[in-house]
Number of protein chains: 2
Amino acid sequence: MAPDDDLFQPVKPVRAYQRVAQQIEERILSGDLPPGSRLPAERELVVRFAVGRSTVREALRVLQSAGLIRSRPGDPLGAEVLGVSPDNLSQALSRLTRSRIASLGELVQFRMVLDAESNRLAARLHDADDLARMQEQIDRMERLSASSSGNLHAFSEADALFHRAVAEASGNSLLGLCARAVHEAVVDVIEKKIAGAADATAWRERSIAHHRQVLDAIRTGDAPRAARLAREALYTYYADHVEPETRRLLAAAAQTEDAARTP
Amino acid sequence: MAPDDDLFQPVKPVRAYQRVAQQIEERILSGDLPPGSRLPAERELVVRFAVGRSTVREALRVLQSAGLIRSRPGDPLGAEVLGVSPDNLSQALSRLTRSRIASLGELVQFRMVLDAESNRLAARLHDADDLARMQEQIDRMERLSASSSGNLHAFSEADALFHRAVAEASGNSLLGLCARAVHEAVVDVIEKKIAGAADATAWRERSIAHHRQVLDAIRTGDAPRAARLAREALYTYYADHVEPETRRLLAAAAQTEDAARTP
DNA sequence: CCAGTCGACTGGTCAGACCAGTTGATTTCC
DNA sequence: GGAAATCAACTGGTCTGACCAGTCGACTGG
């Protein structure tokens, strides 16, 4: 046995507001406080936890910034429990990207990984409903593209829903959530570099064609092709926009094991 | 042009503490306040922002819970800027899994994807320094394993550093950060399910062997093998712990294109 | 029966106080 | 002179009590 080396470990002080926040979080995560339910009023929590109001408020702020609760002034019912949402995750990711820890090239590369893997898993694990949902979004894109000038917002919404359907088919919600967050970050960065897209209609055509190919690969269970399609599409679309020094990263990520052709 | 449909949009009230927190966060993310620098004292911020101390404190609490700053009572230098870290991300992930929005299986599957892709890219893009760093950590693990009962903490630190070296070699810091976050979340969830690891020394042996194989694959540039090793190791280690209904997810993710043998 | 009023709440903010802890200069003692 | 104890000026953490603007239910006047 080890000597009395780590019999005692340094104890880190736990602030009062942390204990309060942790107790409430525990109740929320365990399901005792389901989404939609209400917390007691602040002044009520003060007497229950036997702490000052500022302590209670700091605890609630922590929970609120984690997206677990929401409070509204004057609400006689108290703060509302929201439950766990992925917003916090995408917030954390967007902070990572905004702080220039990650370059645009890394961002796109990361998207390659996530999208390719979503597609790969979807090709293996999809069921009929998933395919129907994807087809539905492609049809919607076509309608929007046909009626010219159809607003861009609706088109990218259909795009997002397609990817969500793929993520659902892949059986991994985490993959989808991260992909969405990174997607948003990429859009955020890219639209600061190039003010307006060059040719919207041509882009839409290509986008629809790409989605059709992906759906086909998924439907036929061709996992490698589904993955490769995602990588290649991202490469051809973004390669010209990333920093030159990171382009080799993209090229490396775009290559797949099977008969990779360097784009 | 659209009619005066959305000329005016609902205005949502912005709390004072939010404006304070946002200003400080902006300074941190933009690099004006680099990691290691100090924020002014709370009472100083009170006069600079012209708000009450409780407002300043709530703002600081939000930043602290996001992992951007750290404060210590009595520190005459003020709160310390930590910069962006993946801690927040792993916290969000582990909350998602604890509230059963995401299963443990998805988490492990996600780790498979990230680790495999890190290894794959590292095999393609590594340089000599990267290899040296990885070798160094493997040596360290061996030393720790030889001197029996060497504390577990140091061993898992070497493990973490090995993975960090791989992430650096892959050229994608985002990949590494996310992998670390998911790793922590997995550990967080799993150690609530099984109190203690079964056989620590046997596990260490296997772990070292695995890392040696990975390093070999990376060194020889065998990207598919490096990726497959990560997937298989995670599968064999965690398959018994995930929920039975998500095991097929793991199996699907563990398969790789090339000569996949179903574990 | 409905519209307006009113009052008892709510959360958001502020001011001021005290405590315990840290730190660095000052003093004390060998 | 130098090491050890002391002290004063901070720090962040917490509590109290107050005020404001908003919300909502109940009451009231038409």
Side-chain angles (χ1 to χ4, degrees), chain A residues 8-25 27-28 33 35-83, chain B residues 8-25 27-28 33 35-83:
Chain A
F8 298 106
Q9 292 179 2
V11 53
K12 61 183 66 173
V14 180
R15 310 287 164 216
Y17 81 91
Q18 286 176 327
R19 286 195 297 261
V20 172
Q22 221 233 315
Q23 273 197 52
I24 299 178
E25 176 174 344
R27 287 267 181 278
I28 295 178
L33 288 169
S37 62
R38 301 304 184 118
L39 254 47
E42 288 181 4
R43 290 163 176 86
E44 171 69 20
L45 292 173
V46 165
V47 308
R48 293 229 209 154
F49 286 108
V51 294
R53 182 141 95 107
S54 40
T55 301
V56 165
R57 284 184 59 74
E58 288 181 25
L60 293 182
R61 279 281 101 87
V62 171
L63 296 175
Q64 187 168 29
S65 81
L68 290 173
I69 64 170
R70 174 178 52 185
S71 57
R72 199 170 44 110
D75 190 338
L77 294 167
E80 183 185 1
V81 174
L82 293 178
Chain B
F8 298 107
Q9 292 180 2
V11 52
K12 62 182 69 171
V14 181
R15 309 288 165 215
Y17 81 91
Q18 286 176 328
R19 285 193 299 259
V20 172
Q22 220 235 314
Q23 272 196 53
I24 300 178
E25 176 174 345
R27 287 264 181 278
I28 295 177
L33 288 170
S37 62
R38 300 303 186 117
L39 254 46
E42 289 181 3
R43 291 165 175 85
E44 171 69 21
L45 291 173
V46 165
V47 308
R48 293 228 210 152
F49 285 109
V51 295
R53 182 139 98 104
S54 38
T55 301
V56 165
R57 284 184 59 73
E58 288 180 23
L60 293 182
R61 279 282 101 85
V62 171
L63 296 175
Q64 188 168 28
S65 80
L68 290 173
I69 64 172
R70 173 177 52 186
S71 57
R72 198 172 44 113
D75 190 338
L77 294 167
E80 182 184 1
V81 175
L82 293 179

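In this text the structure is predicted, and so the values were computed from the model without any measurement.
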Open item on the list: Less than 4.5 Å apart, side chain to side chain, heavy atoms only: is that true for A:Pro40 and A:Leu45?
Closed with: yes

Open item on the list: Side chains of A:Leu39 and A:Ile24, heavy atoms from C-beta outward: is any pair under 4.5 Å?
Closed with: yes

- [ ] Could you pull out all residues at least two apart from B:Gln18 that satisfy side-chain contact (heavy atoms from CB on, under 4.5 Å)?
- [x] B:Val14, B:Arg15

Open item on the list: Judged by each residue's nearest nucleotide on DNA chain D, which is more toward the 5′ side, A:Pro73 or B:Pro76?
Closed with: B:Pro76

Open item on the list: Assuming nearest nucleotide by heavy-atom distance, tell me which of B:Glu42 and A:Asp75 is located more 5' along DNA chain D.
Closed with: B:Glu42

Open item on the list: Students often get this wrong, so: under 4.0 angstrom with heavy atoms, is B:Arg43 touching a base, only sugar-phosphate, or nothing?
Closed with: base

Open item on the list: Rounded to the nearest 0.5 Å, what separates atom CG in A:Leu33 from atom CD1 in A:Ile69?
Closed with: 10.5 Å

Task: Counterpart residues, side-chain hydrogen bond (donor to acceptor under 3.5 Å, both in side chains), relative to B:Gln23 (two or more places apart) - done: none

Open item on the list: I'd like to know if the side chain of A:Ser54 pairs up with that of B:Ser54 as donor and acceptor (distance under 3.5 Å, no hydrogens or angles considered).
Closed with: no

Open item on the list: Tell me the interatomic distance from B:Arg19, atom CZ, to C:dG12, atom P, rounded to whole angstroms.
Closed with: 13 Å

Task: Between P of C:dG12 and CZ of A:Arg70, the distance in whole Å - done: 13 Å

- [ ] Sorted by first residue and then second, give each salt bridge (charged side-chain N to carboxylate O under 4.0 Å, His left out) pair with at least one member in residues 63-76 of chain B; sequence neighbours left out.
- [x] B:Arg38-B:Asp75, B:Arg70-B:Glu80, B:Arg72-B:Asp75

Task: Within residues 50-67 of chain A, residues whose heavy atoms come under 4.0 Å of DNA chain D - done: A:Val51, A:Gly52, A:Arg53, A:Ser54, A:Thr55

Please table the atom pairs, donor to acceptor, closer than 3.5 Å between any side-chain atom in residues 55-62 of chain B and protein atoms at least two apart or in another chain.
unit_1, atom_1, unit_2, atom_2, d
B:Arg57, NE, A:Glu58, OE2, 3.0
B:Arg57, NH1, B:Glu42, OE1, 3.2
B:Arg57, NH1, B:Glu42, OE2, 2.7
B:Arg57, NH2, A:Glu58, OE1, 3.4
B:Arg57, NH2, A:Glu58, OE2, 3.3
B:Glu58, OE1, A:Arg57, NH2, 3.4
B:Glu58, OE1, A:Arg61, NH1, 2.5
B:Glu58, OE2, A:Arg57, NE, 3.0
B:Glu58, OE2, A:Arg57, NH2, 3.3
B:Arg61, NE, A:Tyr17, OH, 3.1
B:Arg61, NE, B:Gln64, OE1, 3.2
B:Arg61, NH1, A:Glu58, OE1, 2.5
B:Arg61, NH2, B:Gln64, OE1, 2.9

Task: chain B footprint on DNA chain D, 5' to 3' - any atom under 4.0 Å from a heavy atom - done: D:dT11 to D:dT14

